[in-house]
Protein chains: 2
Amino acid sequence: MSITIKDIAELAGVSYSTVSKALNNSPLVKPNTKAKIIRIAKEQGYEPNFAARRLVQKQSHTIGLVWPTVERVALSTLVTKIKEEIEKHGYSMILSINSASTAIEMFKRFQIDAVIVFEETKQKMDASVFANLPIISYGTALNNEIPFVDVNYRQAMLLGVKYLVDLGHKRISFVGDFSPVDQRQIEKYEGFLEAFEKYNLPVTPHTIVNTGGLDWYDGYHATKRLVETDSTLPTAVIGSSYDISAGIIRALREKDLIIPKDISVIGYDNIPQMANLETPLTSIGPPIDVIAKEIVTTVFMLMDEKDSVPTIQTIHPELKERASCAIAKST
Amino acid sequence: MSITIKDIAELAGVSYSTVSKALNNSPLVKPNTKAKIIRIAKEQGYEPNFAARRLVQKQSHTIGLVWPTVERVALSTLVTKIKEEIEKHGYSMILSINSASTAIEMFKRFQIDAVIVFEETKQKMDASVFANLPIISYGTALNNEIPFVDVNYRQAMLLGVKYLVDLGHKRISFVGDFSPVDQRQIEKYEGFLEAFEKYNLPVTPHTIVNTGGLDWYDGYHATKRLVETDSTLPTAVIGSSYDISAGIIRALREKDLIIPKDISVIGYDNIPQMANLETPLTSIGPPIDVIAKEIVTTVFMLMDEKDSVPTIQTIHPELKERASCAIAKST
DNA sequence: CTTATAAATAACAACGTTGTTTAATTATAA
DNA sequence: TTATAATTAAACAACGTTGTTATTTATAAG
């Protein structure tokens with residue numbers, strides 16, 4: 001049996017309501033008694049029962065994050081950032097790796113104040129599951145009722161292509177996976193094509209390189225194939241993700257192509273790790289802290305007043321210059 | 001204001017205690033009334049208040065997992081497995097990426113029934129933090145009071161070396177990171193040396209290859225260095241982790257060395273992903289499900305009766321044959 | 001010295017459940 | 001019928017807090 005405010009009340013010779021006030025640092029109790037009560041509480045190793053507290057105050061000051069695909073590293077940086085952001089608001093974050101609906105059920109048991117969902121695939125979820133619960137999704141729109149924080153992938157590609165064009169590049173390749181399951185990858189691909197059209201760039205058989213996967217070696221193999229053809233090489237390459245870009249760099253280096261002297265490279269995913277690659281990579285996409293901040297801000301807005309939040313919120317990408325791009329050699 | 005059993009009682013024309021019993025499927029209420037109450041509850045979208053329930057029943061049927069280093073993929077498979085194992089016991093799992101002591105504080109607020117800690121570095125934690133809380137650690141001993149599930153890395157290396165020796169190999173290399181911070185890596189290294197001595201194998205400058213890091217490219221570079229020397233190549237290589245082994249395979253393939261015809265490879269980390277590498281890799285270490293099961297079993301033992309659990313529990317490794325080892329060519 | 005006023009504490013009613021006790025109803029046997 | 005047992009439902013006391021209201025005690029004003 002753990003110790004309660006009643007036990008402390010007894011020991012201090014006051015009523016338990018006084019103990020409650022003292023421990024909550026209420027001005028309604030005399031400094032003397034307050035000090036004494038706090039002392040006794042500490043001595044006795046008192047730990048508040050949060051179930052009881054939550055029964056009367058409705059909030060838990062905790063936000064739940066649903067993250068069923070822990071195996072995907074890409075998001076882990078974002079998760080960490082979101083946690084930090086949440087803590088700035090004086091809240092805690094808790095994680096579940098269950099599917100969205102199971103996770104939400106569990107979070108409700110813990111009287112979580114709001115939920116953030118990272119889910120790769122669109123879920124059919126009964127509206128009753130998230131009724132009266134501030135909830136937001138990132139990555140995939142779960143449902144048209146649930147506010148959704150999105151990234152403008154097309155604009156990111158436009159940004160990247162424009163940057164390269166401004167440096168004088170014309171032969172640009174896109175190395176990415178555009179398997180039909182992942183909407184985000186497709187948007188990157190389409191964004192690239194859009195930009196290509198906009199800048200009137202020449203499409204060749206090597207403009208688009210399909211990796212067929214999202215791992216580093218998928219990018220590696222694809223790039224290997226690209227650079228081993230006899231035709232003229234591109235002067236710049238855009239990789240569709242952090243991992244793929246790592247593979248690209250590896251393959252280029254093996255061919256003794258020097259970045260950015262011989263070839264320029266841009267990678268999608270604006271994360272700090274980009275700087276740690278063999279060549280620090282110029283990257284596109286919203287900086288990870290911007291995404292984190294946006295998500296967290298939206299959640300808190302949602303908790304304040306449900307109606308003020310737009311259903312879709314789009315984050316705009318930025319370009320972060322590092323050391324992997326140079327002016328195109330005049331060919 | 002959400003709906004409570006009292007509201008349902010009113011609607012059903014019974015007392016709230018009857019509603020409670022009906023919803024808990026107690027035999028003390030007539031099937032008729034029970035059905036009616038359940039129907040009304042469903043109609044009204046009743047959701048139990050778990051804070052209230054927990055106030056009277058002390059258990060939450062949830063286990064917390066502290067996992068401060070989400071960025072490390074290696075463990076994510078294990079985390080997923082542990083979750084499944086916990087669910088087999090009818091419990092839920094919840095995650096925190098905070099440091100151990102912060103996470104435990106939060107878990108206590110949620111009346112978590114037990115805690116599992118994955119922590120890379122030894123923590124100094126006040127005993128009061130985990131007093132009266134079933135807690136267990138994996139990976140690193142947190143504290144001599146907290147039961148600790150360990151892996152016998154030395155034995156794993158012995159197993160691997162023995163297996164290769166039995167296949168006739170004599171020139172075996174160990175590719176791994178033994179930076180002084182990670183105790184586990186060091187034990188693998190020492191285990192390898194121990195085995196080498198036991199089987200009287202010849203130590204050469206290439207017996208031990210230090211990667212200086214745990215990423216795939218660390219293994220890749222190290223192996224590259226190894227195979228590009230002029231001296232006689234080893235006939236077998238042991239990689240100290242999944243990622244490093246992936247790098248080893250890549251480097252060997254690039255040198256047109258065929259696995260296992262030209263060279264045999266064993267990787268530490270007995271995870272299913274080993275089968276998906278370019279060459280399915282024979283691996284050593286406790287199978288991930290065995291580790292998960294051991295951890296979860298220990299936690300439940302701990303919840304039952306605290307004293308029955310030994311402070312250190314060692315899991316023994318196994319060798320999983322796949323396609324990466326062959327009989328040594330007679331040189 | 002009252003008496004009004006402020007400060008400090010005590011008392012008590014929530015919060016939404018569960019589990020135990022008590023009461024009311026119904027069925028069964030004498 | 002009536003006493004008795006079995007079934008069903010109601011009543012009530014927890015669980016450990018917080019917040020509101022009531023009471024006591026100290027302080028100041030007249």
Side-chain angles (χ1 to χ4, degrees), chain A residues 1-42 44-62 105 108-113 132-133, chain B residues 1-42 44-62 105 108-113 132-133:
Chain A
M1 231 19 274
S2 56
I3 196 152
T4 75
I5 49 171
K6 289 187 185 172
D7 302 322
I8 297 175
E10 183 125 358
L11 287 167
V14 297
S15 79
Y16 64 86
S17 55
T18 306
V19 174
S20 170
K21 287 172 190 55
L23 294 177
N24 287 300
N25 199 22
S26 158
L28 295 169
V29 28
K30 192 158 68 173
N32 264 345
T33 14
K34 196 187 284 187
K36 181 182 172 194
I37 290 172
I38 291 174
R39 203 200 66 231
I40 295 179
K42 194 162 279 174
Q44 299 295 316
Y46 167 75
E47 297 201 347
N49 179 319
F50 288 85
R53 178 179 295 173
R54 216 164 305 137
L55 195 56
V56 20
Q57 316 175 135
K58 299 302 181 182
Q59 297 202 332
S60 67
H61 280 258
T62 306
E105 288 296 346
K108 281 202 276 195
R109 285 195 263 139
F110 291 115
Q111 321 273 119
I112 244 57
D113 294 337
N132 304 324
L133 183 69
Chain B
M1 231 16 275
S2 58
I3 193 153
T4 74
I5 51 171
K6 290 187 183 170
D7 302 321
I8 296 175
E10 185 124 359
L11 288 166
V14 296
S15 79
Y16 64 87
S17 54
T18 306
V19 173
S20 169
K21 285 171 191 58
L23 294 176
N24 287 300
N25 198 22
S26 158
L28 294 168
V29 31
K30 195 157 66 171
N32 265 346
T33 13
K34 196 188 282 185
K36 182 182 171 192
I37 291 171
I38 290 174
R39 204 201 64 231
I40 296 179
K42 195 162 280 174
Q44 299 296 316
Y46 167 74
E47 297 199 348
N49 179 318
F50 288 84
R53 178 178 293 174
R54 217 163 304 137
L55 194 55
V56 22
Q57 318 174 136
K58 298 303 181 184
Q59 296 202 333
S60 67
H61 280 259
T62 307
E105 289 296 345
K108 282 203 273 195
R109 284 195 262 140
F110 291 114
Q111 322 271 123
I112 246 55
D113 294 337
N132 303 324
L133 184 68

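The chains referred to below are lettered A, B, ... by the order of the sequence lines, with proteins before strands, and numbering in each begins at 1.
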Find the distance A:N32:CG to C:dA7:C1' and express it as a whole number of Å.
13 Å
For a quick test of reading the model: is some side-chain N or O of B:S20 closer than 4.0 Å to OP1 or OP2 of C:dT18?
yes
From the list D:dT17, C:dT17, C:dG16, which nucleotide is the closest neighbour of the side chain of B:L55?
C:dG16
Below 4.0 Å: OP1/OP2 of C:dG16 and any side-chain N or O of A:K58
yes
Please give, in whole Å, the distance from C:dG19 C1' to B:I5 CD1?
12 Å
To the nearest angstrom, the OH-P distance between B:Y46 and C:dG16 comes to 10 Å
Nearest-nucleotide comparison on DNA chain D, the residue closer to the 5′ end among B:S17 and B:V56
B:S17
Figure out the CD1/P separation between B:I3 and C:dT17, and round it to whole Å.
10 Å
Mind checking if A:Y16 touches a base, just sugar-phosphate, or nothing, with heavy atoms under 4.0 Å?
base
Could you tell me how far apart A:L28 (CG) and C:dA7 (C1') are, to the nearest whole angstrom?
9 Å
Distance from A:F110 atom CZ to B:S60 atom OG, nearest 0.5 Å?
5.0 Å
Under 3.5 Å, is there a donor-acceptor pair between the side chain of B:R53 and the main chain of A:R109?
no
So does B:S15 get a backbone contact from the side chain of B:S17, meaning a donor-acceptor N/O pair under 3.5 Å?
no
State whether the distance check finds a donor on one side and an acceptor on the other, under 3.5 Å, for side chain B:K21 versus base C:dT20.
yes
Using atom types as modelled and distance alone, determine if a side-chain donor or acceptor of B:S26 lies under 3.5 Å from a backbone N or O of B:N24.
no
At less than 4.0 Å, is any side-chain N or O atom of A:T4 found next to OP1 or OP2 of D:dG16? Yes or no.
no
Which nucleotide wins on minimum distance to the side chain of A:N49, given the candidates D:dT17, D:dC15, D:dT18?
D:dT17
Could you state the interatomic distance from NZ (B:K36) to NZ (B:K30), rounded to the nearest 0.5 Å?
10.5 Å
Verify the contact: side-chain N or O of A:T18 to OP1 or OP2 of C:dA10, cut-off strictly under 4.0 Å; return yes or no.
yes
Expressed in angstrom and rounded to an integer, what is the separation of B:K6 atom NZ from C:dT18 atom P?
12 Å
B:N25 CG to C:dT18 C1': how many Å, rounded?
15 Å
Judged by nearest nucleotide, the residue sitting upstream toward the 5' end of DNA chain C, A:K34 or B:P48, is A:K34
Taking CD from A:E10 and P from C:dT9, how many angstroms apart are they, rounded to a whole number?
18 Å
Which of C:dA10, D:dA9, D:dA10 is nearest the side chain of B:V29? It is D:dA9
